[in-house]
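Single-structure report; data block below.
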Amino acid sequence: ISVSALCAERPLQSARGAQRAWFDSMADKREEVTEIFRRYDQNGDGGISADELTNVMKALGRFSAQEVKKIFAHMDTNNDGCIQYEEFVNWVFGAGARANAKARETILHSDDPFQICFYNFCGNGQAEMDGKSFTKLLKDTKIINKSFDVNAADLIFKKSIKKGARRMSLAEFERACQLIADKKGVEVEDINHAISSCAGPVLQGTSADNVRFHDDKSSYTGAHRDVGSPSSRPRTAATEVEAHAFGSGAEDLFQSFCGGARDLDGKGWAKLCKDAGLTGPRFSAADADVIFTTVVAKVAGRGAGRMTYPMFEEALTRVALKKGVEIGEIEDAIAGCSGPTKNATQADAVRFHDDKSSYTGMHSRGSVDERRMSAESTGGSRGVGSPSGSPSRRRGSASEPLPSYDFSSQVDSVFSEFCGGGRDLDGKGFAKLCKDAGLLSRQFTATDADLIFTKVMKGKGRRMALPEFYDALLHIAAKSGADPSDVERSVVGCSGPTRNATQADNVRFHDDKTTYTGRHAA
């Protein structure tokens, strides 16, 4: 036998060995599947009906009716309404099972609570778990705590899955459990036991608030009143407690928490327990809700939402039993409560609002009403109008009296220079004129210039003509505490807009011509 023949025979033998091992494993799995099929065939007729499959799938995990219907359609290939053994085996080992990977893995591992819990958290039709479901599983199993938070869970999830993947397989989940155990410093069996003890996701919903016209059946009218009467509703069995008879002070307190009604709702009962100091380590707000529901359901029936005074006495008796104290202690707590406590948020002190000595500008002279009263006491404010035949540039403001002053034509020339070839000036140009003319000071700032521009142009547009410019100069003089002639000299002394540009720094190889070379040196 040649060497080449031996080398060619070895791969063939290894392939045959692998194929034989695969057939042996498949045979073992078929025996396991046969046992599973017999277990799910509840009536032993040799087939699995839709009802039997529904009962099995809902008992193993969280499968909706739509999912079960889809799984049954994939199994029942001949559409006879019953899953035969051959159809069941083909579904488990065939390619069609990939569309229902979660159902297949759940059925094959129904005796392993660890794997059942994993698949229940994978989501509808999924055999792999995403990061959100992984965190939810760790929360529901109480694995996440102070020593192992959500951030640590996210890091372990990313470390366990393949790079670029977004979902976790069962093998990767087992590796993540080992990492969690190492992180928490416990045995991996403890982590697996906590996961196996969890049947599935804990679903939490929002509890609806009480609605008076729905929950308070005493407000029902017409046919609804007769249907919802206490005599027509079945009584709810509850532990019999002999109610203690409290004094008149308890009844007065009960009425104060009723808010004008004759009975008390659950919210009022919870507030009464809180304001009277009944809630504490041995009696929580949840215990108060349970006692309210128990007492009201016992007398008025399930679904009733209000408590009468006899129910109130029995509820206080149950509070004493729950807290493990004498009834006299409850009486003292009731007697020490004067009624509902009204709580409101008090605003913090704000210095620049509450401390009026820090006010500036027009606010320092008081509010509008205060200034109006002060003006009326001094004979009222008087506007200064223009004399008859005087030009419009002498007009003063109606709110603040302005002096009358005739500006020279040189002011008109400076105004035209800043208009840039136009006949009017915008706010930006007015601010530049004030700056270039040297009008800005501590008494008259750039902000004051903007305010005066807005005040003069109120209701007249956004560009200032020459008459409004004269009025603005009079306001500047009043604000600066100067004479209008001083303002005129400052404006006339300005030759026009100052053009400012950035001066380039010296560059040696450009400015120093002694460094030039070649034809540039000549």
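Positions are given from 1, in the same order as the sequence printed here.
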- Write down the atom of T341, the atom of K271, and the distance for their closest heavy-atom approach. O-NZ, 3.0 Å
- Item | Euclidean distance, L264 CG relative to C258 SG, rounded to 0.5 Å | 5.0 Å
- Are any non-hydrogen side-chain atoms of T308 and F312 less than 4.5 angstrom apart? no
- Counting only N and O atoms by type, is there a donor-acceptor contact under 3.5 Å from the side chain of S133 to the main-chain atoms of F121? yes
- Message: Among E174, E128, R175, exactly one meets side-chain contact (heavy atoms from CB on, under 4.5 Å) together with S169. Which residue is that?
- Response: E128
- Message: Just to verify, which of I180, L137, L138 counts as forming a side-chain contact (heavy atoms from CB on, under 4.5 Å) with I144?
- Response: L138
- N192 side chain near C177 side chain, heavy-atom distance below 4.5 Å: yes
- Could you check if a side-chain atom of V296 sits within less than 4.5 angstrom of a side-chain atom of R306, using non-hydrogen atoms only? no
- L253 versus C337, closest heavy-atom pair with distance: CD1-O, 3.6 Å
- Item | Min side-chain heavy-atom separation F118-I195 under 4.5 Å | no
- Query: When you check the side-chain N and O atoms of T447 and D450, is any donor under 3.5 Å from an acceptor?
  - Reply: no
- Under the side chain to side chain contact (heavy atoms under 4.5 Å, CB included) criterion, do E172 and R167 qualify, and how do the steps go? CA-CA 10 Å; E172 293 169 338; R167 302 188 75 91; over 6 Å; no
- Which side-chain hydrogen bond (donor to acceptor under 3.5 Å, both in side chains) pairs, counting each pair once, include a residue from residues 280-290, with sequence neighbours left out? S284-D287
- Query: Does some side-chain heavy atom of I291 sit less than 4.5 Å from a side-chain heavy atom of F283?
  - Reply: yes
- Message: Is the ring pair F114/F173 parallel, tilted or perpendicular, if the boundaries are 30 and 60 degrees?
- Response: tilted
- Thinking salt bridges, do E314 and K298 make one under a 4.0 Å N-O criterion? yes
- Item | Inter- and intrachain pairs under salt bridge (Lys or Arg N to Asp or Glu O under 4.0 Å), touching residues 135-154, at least two apart | K136-D140
- Do P340 and S256 come close enough that some side-chain heavy atom pair is under 4.5 Å? yes
- Are the side chain of E187 and the backbone of A181 linked by a donor-acceptor contact shorter than 3.5 Å? no
- Task: For residues Q84 and D76, determine if any side-chain heavy atom of one lies less than 4.5 Å from a side-chain heavy atom of the other.
- Result: no
- Query: How long is the span from the NZ atom in K183 to the CD1 atom in I156, to the nearest 0.5 Å?
  - Reply: 7.5 Å
- Message: Would D275 and F257 count as a side chain to side chain contact (heavy atoms under 4.5 Å, CB included) here? Give the steps.
- Response: CA-CA 10 Å; D275 293 349; F257 277 89; 3.7 Å; yes
- Evaluate side chain to side chain contact (heavy atoms under 4.5 Å, CB included) for F148 paired with V186, printing each intermediate quantity in order. CA-CA 12 Å; F148 184 77; V186 298; over 6 Å; no
- Got R462 and D426 here, is their nearest side-chain heavy-atom distance under 4.5 Å? no
Return all side-chain donor-acceptor pairs below 3.5 angstrom for residues 320-335, not counting sequence neighbours, or 'none' if the list is empty.
residue, atom, partner, partner atom, Å
K323, NZ, L278, O, 3.0
E331, OE2, H244, NE2, 2.9

- Item | From CA spacing to verdict: side chain to side chain contact (heavy atoms under 4.5 Å, CB included), L179, S160 | CA-CA 9 Å; L179 295 176; S160 302; 3.6 Å; yes
- Query: Say you draw a straight line from CE of M129 to SG of C122; how long is it, rounded to the nearest 0.5 Å?
  - Reply: 4.5 Å
- Task: Answer yes or no: is there a donor N or O on one side and an acceptor on the other, between the side chain of W269 and the main chain of M307, under 3.5 Å?
- Result: no
- Separation between CE of M168 and CZ of F134, rounded to the nearest 0.5 Å: 4.5 Å
- Item | Neighbour count >12 (heavy atoms, 6.0 Å) for atom NZ, K435 | no
- Query: When you look at N145 and S147, which way does the side chain to side chain donor-acceptor pair (under 3.5 Å) test go after all the steps?
  - Reply: CA-CA 6 Å; N145 52 24; S147 61; 2.9 Å; yes
- Item | Spacing of CZ belonging to F72 relative to SG belonging to C82, to within rounding of 0.5 Å | 6.5 Å
- Query: Between K159 (side chain) and A176 (backbone), is there a donor-acceptor pair under 3.5 Å?
  - Reply: no
- Task: Drop me the distance from M457's CE to I452's CD1, to the nearest 0.5 angstrom.
- Result: 14.0 Å
